Asks: 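There's a structure below that I have some questions on.
Quick note on labels: first sequence line is chain A, next is B, and so on, each numbered from 1. All heavy atoms count here, side chains included; hydrogens, waters and symmetry mates do not. Quantities reported herein were computed from a predicted structural model and do not represent experimental measurements.
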There are 2 protein chains.
Amino acid sequence: MPPTMKEKILDAAEKRVRGAGFSAMSFRDLAGDVGIKSASVHYHFPTKPDLGEALVDRYTSQFKEQLDQIDTSDLQTALNSYVALYSQALVLDESICLCAIMGAEAIGLPKNVNQKTKTFFKMNRTWLLELLQRKGVQNPDDTSCLIVAALEGGMIVASPSNDRAIFDQIAKAAIQSVTKI
Amino acid sequence: MPPTMKEKILDAAEKRVRGAGFSAMSFRDLAGDVGIKSASVHYHFPTKPDLGEALVDRYTSQFKEQLDQIDTSDLQTALNSYVALYSQALVLDESICLCAIMGAEAIGLPKNVNQKTKTFFKMNRTWLLELLQRKGVQNPDDTSCLIVAALEGGMIVASPSNDRAIFDQIAKAAIQSVTKI
DNA sequence: TTGCGACTATCTATCAGTTGATAGGCAATC
DNA sequence: GATTGCCTATCAACTGATAGATAGTCGCAA
């Protein structure tokens with residue numbers, strides 16, 4: 001089935017937020033992107049906080065689906081697949097992780113959006129924690145925290161330089177730390 | 001000597017950007033903060049990119065000054081002092097590191113601002129690298145990258161939850177990884 | 001000493017463009 | 001005939017930026 005207008009709006013919003021941030025995205029931008037008027041965007045998402053909440057919610061669900069498809073039989077392979085998801089999210093000069101920017105802007109964002117962003121990070125940490133515990137890794141709690149922070153931070157450090165190598169190096173270092181903390 | 005108007009504007013701008021982001025900050029906000037009119041802010045900083053550049057530049061200089069005051073005779077003490085600088089920058093519900101948000105917004109920001117943000121991260125990595133090399137730590141290059149990313153990312157992960165414990169845990173894990181990568 | 005020009009730092013007033021949001025109409029569908 | 005999904009039209013507020021006026025300060029020459 002073809003995407004609904006609601007989905008098309010969310011697609012456009014995700015692209016814009018991941019590119020320039022939540023506060024830099026407007027209803028008129030989105031309307032232009034999907035070929036309707038801004039008043040019609042308000043029909044689907046009454047307010048900007050509503051839109052933001054739906055956006056992070058959908059992003060989290062989609063990310064979770066991808067996590068669930070990762071083959072976790074081998075630890076190193078699983079971690080590499082996990083990093084690959086973040087690596088995919090980082091398209092230099094185009095986009096970073098949605099929740100990296102939502103987290104960075106958090107102080108100025110509505111509470112409902114922050115709640116959803118919090119859930120995204122929590123979900124990531126939980127997934128990693130379970131994996132590391134199952135594999136008998138030492139300090140799984142600290143390590144899962146570190147990996148999520150390093151990957152999100154890696155995008156932010158790499159983005160102004162537009163240098164993918166920095167992100168890759170950080171990701172590599174984060175994975176190496178697993179077996180050694 | 002009392003702060004100049006230029007400095008007062010930068011102070012106000014830093015507070016606002018670290019709270020809500022660069023694109024969410026306006027010349028009128030700043031004018032109100034320091035008690036002049038927005039046209040007068042333009043006198044000191046002709047355009048918004050000019051202001052952004054000066055802002056990151058000053059932030060980097062001030063951070064560098066603090067780095068240079070750290071006692072580096074003992075590795076653990078030095079790392080703890082380094083983390084303390086970031087910890088200071090993270091005032092939950094109020095502000096995160098200026099360059100965390102500038103890095104997150106990078107794609108939509110003017111080039112001159114990104115250049116300065118890049119310099120901030122580079123300066124951090126260089127300082128850490130020299131410290132780790134001097135102390136004979138293994139893989140100093142990877143490790144310095146990881147620490148910067150983890151701390152910046154730690155703020156972003158902690159901010160939506162408004163939970164300082166998450167940042168502290170990440171910082172601890174990052175420091176622990178030094179002796180073990 | 002006086003006076004003049006340049007400079008600094010602010011002001012008022014204004015601009016065109018954008019913002020999130022609402023009211024109300026209109027056609028298609030169920 | 002109610003609901004859905006869009007539309008036009010409009011709103012007050014805000015945005016970055018500019019033009020031009022004004023008052024104060026400083027250095028220097030008559």
Asks: Using every non-hydrogen atom in the two residues, find where B/Ala13 and B/Met25 come nearest and quote the distance to one decimal.
Replies: CB-SD, 3.9 Å
Asks: Can you check the B/Lys8 NZ to C/dT10 C1' distance for me, whole Å?
Replies: 13 Å
Asks: Expressed in angstrom and rounded to an integer, what is the separation of A/Phe27 atom CZ from C/dG17 atom C1'?
Replies: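 Value for this atom pair: 19 Å.
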Asks: Would you kindly say whether A/Gln169 and B/Asp141 are connected by a side-chain donor-acceptor distance under 3.5 Å?
Replies: yes
Asks: Can you run down the ring pair (Phe, Tyr, Trp, His ring centres under 6.0 Å) pairs that involve residues 10-30 of chain B, sequence neighbours left out, and say none if there aren't any?
Replies: B/Phe27-B/His42
Asks: Rounded to whole angstroms, how far apart are CG on B/Leu30 and C1' on D/dC14?
Replies: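 In whole Å, D/dC14 C1' lies 14 Å from B/Leu30 CG.
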Asks: How long is the line joining CG of A/Asp29 and P of C/dT18, in whole Å?
Replies: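 Atom-to-atom, A/Asp29 to C/dT18, this comes out as 9 Å.
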Asks: Quick one, give me the B/S/- string for nucleotides 25-30 of chain C, reading 5' to 3', where B means a protein heavy atom under 4.0 Å from the base and S means that only happens at the primed atoms, P, OP1 or OP2.
Replies: ------
Asks: Strictly by modelled atom types, are A/Asp50 and A/Thr47 linked by a side-chain donor-acceptor pair under 3.5 Å?
Replies: yes
Asks: Which residue pairs pass the ring pair (Phe, Tyr, Trp, His ring centres under 6.0 Å) test when at least one of the two sits in residues 52-78 of chain A, sequence neighbours left out?
Replies: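 Every pair satisfying ring pair (Phe, Tyr, Trp, His ring centres under 6.0 Å) with a residue in residues 52-78 of chain A: A/Tyr59-A/Phe120, A/Phe63-A/Tyr86, A/Phe63-A/Phe120.
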Asks: Is the backbone of A/Ser161 close enough, under 3.5 Å, to the side chain of B/Lys122 for a donor and an acceptor to pair up by distance?
Replies: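 Here the side-chain-to-backbone pair does not exist.
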Asks: Among residues 47-54 of chain B, which ones have heavy-atom contacts with DNA chain D below 4.0 Å?
Replies: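 Residues of residues 47-54 of chain B under 4.0 Å from DNA chain D: B/Thr47, B/Lys48.
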Asks: By the salt bridge (charged side-chain N to carboxylate O under 4.0 Å, His left out) test, which pairs, at least two apart or in different chains, include something from residues 98-119 of chain B?
Replies: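 Salt bridge (charged side-chain N to carboxylate O under 4.0 Å, His left out) check on residues 98-119 of chain B returns B/Asp57-B/Lys116.
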Asks: Any pair with a residue in residues 92-112 of chain A that passes ring pair (Phe, Tyr, Trp, His ring centres under 6.0 Å), sequence neighbours left out, goes on the list, sorted by first then second residue, please.
Replies: none
Asks: Enumerate the residue pairs fulfilling ring pair (Phe, Tyr, Trp, His ring centres under 6.0 Å) with a member in residues 89-113 of chain A, sequence neighbours excluded, ordered by first and then second residue.
Replies: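 For residues 89-113 of chain A: none.
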Asks: Between the side chains of B/Asn80 and B/Thr77, is a donor N or O closer than 3.5 angstrom to an acceptor N or O?
Replies: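 B/Thr77 and B/Asn80 do not have a side-chain donor-acceptor pair below 3.5 Å.
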Asks: Under 3.5 Å, is there a donor-acceptor pair linking the side chains of B/Asp29 and B/Ser26?
Replies: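 On atom types as modelled, these side chains qualify, holding a pair under 3.5 Å.
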Asks: Using C1' atoms of five pairs at each end, report the bend of the helix from C/dT1-D/dA30 to C/dC30-D/dG1 rounded to 10 degrees.
Replies: 10°
Asks: What salt bridge (charged side-chain N to carboxylate O under 4.0 Å, His left out) pairs are there with at least one residue in residues 58-80 of chain A, not counting sequence neighbours?
Replies: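 For residues 58-80 of chain A: A/Asp11-A/Arg58, A/Glu14-A/Arg58, A/Lys64-A/Asp68.
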Asks: Can you list every salt bridge (charged side-chain N to carboxylate O under 4.0 Å, His left out) pair that touches residues 153-174 of chain B, not counting sequence neighbours?
Replies: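 Qualifying pairs, neighbours excluded: A/Asp142-B/Lys172.
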Asks: Test your reading of the model: is there a side-chain donor-acceptor pair from B/Lys135 to the backbone of B/Thr72, 3.5 Å cut-off?
Replies: yes
Asks: Would you call B/Asp33-B/Lys15 a salt bridge at under 4.0 Å N-O?
Replies: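 Salt bridge: no.
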Asks: Polar pairs (N or O, both sides) under 3.5 Å between protein and nucleotides 4-11 of chain D?
Replies:
unit_1: D/dG5; atom_1: OP2; unit_2: A/Tyr43; atom_2: OH; d: 3.1
unit_1: D/dC6; atom_1: OP2; unit_2: A/His44; atom_2: NE2; d: 2.5
unit_1: D/dC7; atom_1: OP2; unit_2: A/Lys37; atom_2: N; d: 2.8
unit_1: D/dC7; atom_1: OP2; unit_2: A/Ser40; atom_2: OG; d: 2.7

Asks: List in numerical order all residues of residues 9-26 of chain B for which some heavy atom is under 4.0 Å away from an atom belonging to DNA chain D.
Replies: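 Those residues are B/Met25, B/Ser26.
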